[in-house]
2 protein chains.
Amino acid sequence: MKYKLDQAQELSAQIAQAIRDGIMEGSLIVDQRLPSESDLCEQFQVSRPTVREALKRLAAQNLIRTQRGASGGAFVNRLSFEDAYGQQITTSTLLLSMNAVSFETACEARFALERACVALAAQRRTPDQLAAMRAEIHRQSQPGLSDESFCASDVAFHRALVDAAGNPVMSYQLAGAVEAIEPLMNMITFTARKREKIVELHTLIADALEAQDAETTEAVLAQLAAHTLELAREVARMRSKSG
Amino acid sequence: MKYKLDQAQELSAQIAQAIRDGIMEGSLIVDQRLPSESDLCEQFQVSRPTVREALKRLAAQNLIRTQRGASGGAFVNRLSFEDAYGQQITTSTLLLSMNAVSFETACEARFALERACVALAAQRRTPDQLAAMRAEIHRQSQPGLSDESFCASDVAFHRALVDAAGNPVMSYQLAGAVEAIEPLMNMITFTARKREKIVELHTLIADALEAQDAETTEAVLAQLAAHTLELAREVARMRSKSG
DNA sequence: GGAAAACCAATTGTCTGACAATTAGATTTT
DNA sequence: AAAATCTAATTGTCAGACAATTGGTTTTCC
């Protein structure tokens, strides 16, 4: 690990970057203990609060964990898929909500990426995953469901579809695309008729996956994409009339 | 914003979470100024170093930026696509390197997701993007290129392919999948013969995209995926023999 | 001898108070 | 009116202290 620090940036940012580089380049390996805070103070020639700010930056990215007590300290953390999911979703959600991304754009991305899962999902889907999808379909057909709950169930259904591809890297990559769209979807009011249509398409998807029929699944997914976009356009039309 | 704090966690983590919730839920909006550090001390009833550790956590996620001086302070940051790209790549790279993800899994994810871009890319690719792809192809055919440079150029080519879909959300989502595989690819030694094959396939992809022929592009991409996997398998065989 | 209790040392978590650096705005000077 | 200066607010950094936690060591007691 090198200890070169420029001016210009904050010290804590530079120290965090130096340690981060060490982790990414492999000179600091998983579960290895970092020097104690006082040692880091000496090595970087800064005060303890500054070192601590640097460590907190790394902790915020799940790159390290800390433990108190004798033989405590800061340890390089194994970034778990779960942690990565969470970061992915947080970042994606904020990115979409802060940058005026249109529903069309987000929706197009989501369905295009989901389509990439279908071929694999048709081969590999497990009974559990099919059951999860059917369970969400059942939830979606309950009459008294709020729009929010309907959307949440929709997201859960699509999560199951993505997971059915049996590739954890894809599940992770798509977590953001699938989950971050929920706040946008929540702006849509789903009438009983529209829900019916969505549930019908979901059912066809589950059926096609069960039959391991990738082509049909892709076709139905395309219909679902078109239908979802149409709903969004209706909402946009209503808005522009009343506004 | 609420100021309820449990015990159990560190104070700085709780404060960071409280502010993060405010941002995600929308009660703190972009460019809004947070209270000064001293104000936050009073509101949360903690000392300034603790508040600062919390703010550094948020800064590490690009959720806030800080400015010194009169009328300075911490401001809610608009998460830019560029920032999100960076976080995405960092997280993906670490996730892959720390979790013994096989080359097959990562490669499958990358090509499956890229395939999702092709249909859109064939419609929308701009002359600039085609030129970028051709430039990388040219770079890849230079004889003296190191394996690392060849891989870097390969990544750049695929980045251009993804960007050609003209959907920033997809570009962001796939940044991780495309870039994080580079360290894994770097373990492969590319002989002249193998490079020739890859360059040939890249050229076919660029040609097909220029002709706006999505089907051919998908087919060639599938060949490239198969070829890449074959290379990885050869390396694995060599390893197991010599090891 | 063995088990429980007390103690010790290392380490992180938090606090207090201070000073330096930066910057926008107000004030004064030319 | 323009330029220079001052002022106040705010973050960045430092120094030193104490509290809390935790693993290991020592002592005590049966």
Side-chain angles (χ1 to χ4, degrees), chain A residues 1 3-20 22-23 28 30-77, chain B residues 1 3-20 22-23 28 30-77:
Chain A
M1 191 165 22
Y3 300 129
K4 267 189 304 187
L5 303 183
D6 290 338
Q7 217 86 37
Q9 281 183 83
E10 294 170 26
L11 289 173
S12 64
Q14 296 174 50
I15 294 167
Q17 189 58 52
I19 298 175
R20 183 160 33 235
I23 295 175
L28 291 170
V30 166
D31 290 335
Q32 185 175 337
R33 185 181 178 281
L34 298 185
S36 74
E37 294 179 355
S38 356
D39 289 348
L40 290 173
C41 293
E42 283 192 10
Q43 291 178 19
F44 289 104
Q45 285 293 304
V46 297
S47 69
R48 206 171 144 228
T50 302
V51 162
R52 284 183 60 79
E53 286 181 8
L55 293 178
K56 293 315 158 200
R57 293 179 116 107
L58 299 174
Q61 298 178 298
N62 288 309
L63 295 186
I64 62 170
R65 61 179 186 279
T66 55
Q67 207 176 359
R68 282 218 272 212
S71 76
F75 298 83
V76 179
N77 204 23
Chain B
M1 193 166 22
Y3 301 128
K4 266 190 306 185
L5 304 182
D6 289 338
Q7 218 87 38
Q9 282 183 79
E10 294 169 28
L11 288 173
S12 64
Q14 296 174 49
I15 293 168
Q17 189 58 52
I19 298 175
R20 183 158 36 234
I23 294 174
L28 292 170
V30 166
D31 291 335
Q32 184 175 337
R33 184 180 179 280
L34 298 184
S36 74
E37 294 180 354
S38 356
D39 288 348
L40 290 173
C41 293
E42 283 191 12
Q43 290 178 18
F44 288 104
Q45 285 293 303
V46 297
S47 68
R48 208 175 139 222
T50 302
V51 162
R52 283 183 60 80
E53 286 181 9
L55 293 179
K56 293 314 159 202
R57 294 178 114 107
L58 299 174
Q61 298 177 299
N62 288 310
L63 294 187
I64 62 170
R65 60 179 186 279
T66 55
Q67 207 177 359
R68 284 219 271 212
S71 74
F75 299 83
V76 178
N77 204 21

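- Distance CG (B:Leu34) to P (D:dT10): 13 Å, rounded to an integer number of Å.
- With sequence neighbours excluded, the residues forming a side-chain hydrogen bond (donor to acceptor under 3.5 Å, both in side chains) with B:Ser47 are B:Thr50, listed by chain and number.
- A pairwise comparison of heavy atoms in A:Gln43 and A:Pro35 identifies NE2-CG, 3.8 Å as the closest pair.
- In terms of the side chain to side chain contact (heavy atoms under 4.5 Å, CB included) criterion, residue partners of B:Ser36 (sequence neighbours excluded) are, by chain and number, B:Arg33, B:Ser38, B:Asp39.
- Residue A:Ser47 has its side chain nearest to D:dA15 when only D:dG12, C:dT14, D:dA15 are considered.
- Every side-chain hydrogen bond (donor to acceptor under 3.5 Å, both in side chains) that A:Gln17 has, sequence neighbours left out, goes to A:Arg20, A:Asp21.
- The nearest whole Å value for the distance from the CD atom in A:Glu10 to the C1' atom in D:dT10 is 13 Å.
- Sorted by residue number, the members of residues 50-66 of chain B with any non-hydrogen atom under 4.0 Å from DNA chain D read B:Arg52, B:Lys56, B:Thr66.
- The distance between atom CD of B:Gln9 and atom P of D:dT21, rounded to the nearest whole Å, is 15 Å.
- Closest non-hydrogen pair, B:Leu58 versus B:Ala16, comes out as CD2-O, 3.6 Å.
- Atom CG in B:Leu40 sits about 15 Å away from atom C1' in D:dA9, given to the nearest Å.
- Partners of A:Arg65 according to the side chain to side chain contact (heavy atoms under 4.5 Å, CB included) rule, which considers only residues two or more places apart in sequence or in another chain, are A:Asp31, A:Phe75, A:Asn77.
- Of all heavy-atom pairs between A:Glu53 and B:Glu53, the closest is CG-CG, 4.5 Å.
- For B:Gln45 and C:dC15, the CD to C1' distance is 13 Å, given to the nearest whole Å.
- The shortest heavy-atom contact between A:Leu28 and A:Leu34 is CD1-CD2, 3.8 Å.
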Inset, instruction - At under 4.0 Å between heavy atoms, which parts of nucleotides 17-28 of chain C does protein reach? Answer with one letter per nucleotide, 5' to 3': B base, S sugar-phosphate only, - none. - result: -B--SBBB----
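- One interatomic measurement links the two molecules: CZ of A:Arg33 to P of D:dG23, which rounds to 13 Å at whole-angstrom precision.
- In this structure, B:Ala54 and B:Ser12 approach most closely via the heavy-atom pair CB-O, 3.3 Å.
- Annotation: the terminal axes of the helix from C:dG1-D:dC30 to C:dT30-D:dA1 meet at 20°, where each axis is the rotation carrying the C1' atoms of four end pairs onto the next four (5 pairs per end, rounded to 10°).
- Sorted by first then second residue, the salt bridge (charged side-chain N to carboxylate O under 4.0 Å, His left out) pairs that include residues 41-50 of chain A, not counting sequence neighbours, are A:Glu37-A:Arg48.
- Qualifying side-chain hydrogen bond (donor to acceptor under 3.5 Å, both in side chains) partners for B:Ser71, counting only residues two or more places apart in sequence or in other chains: none.
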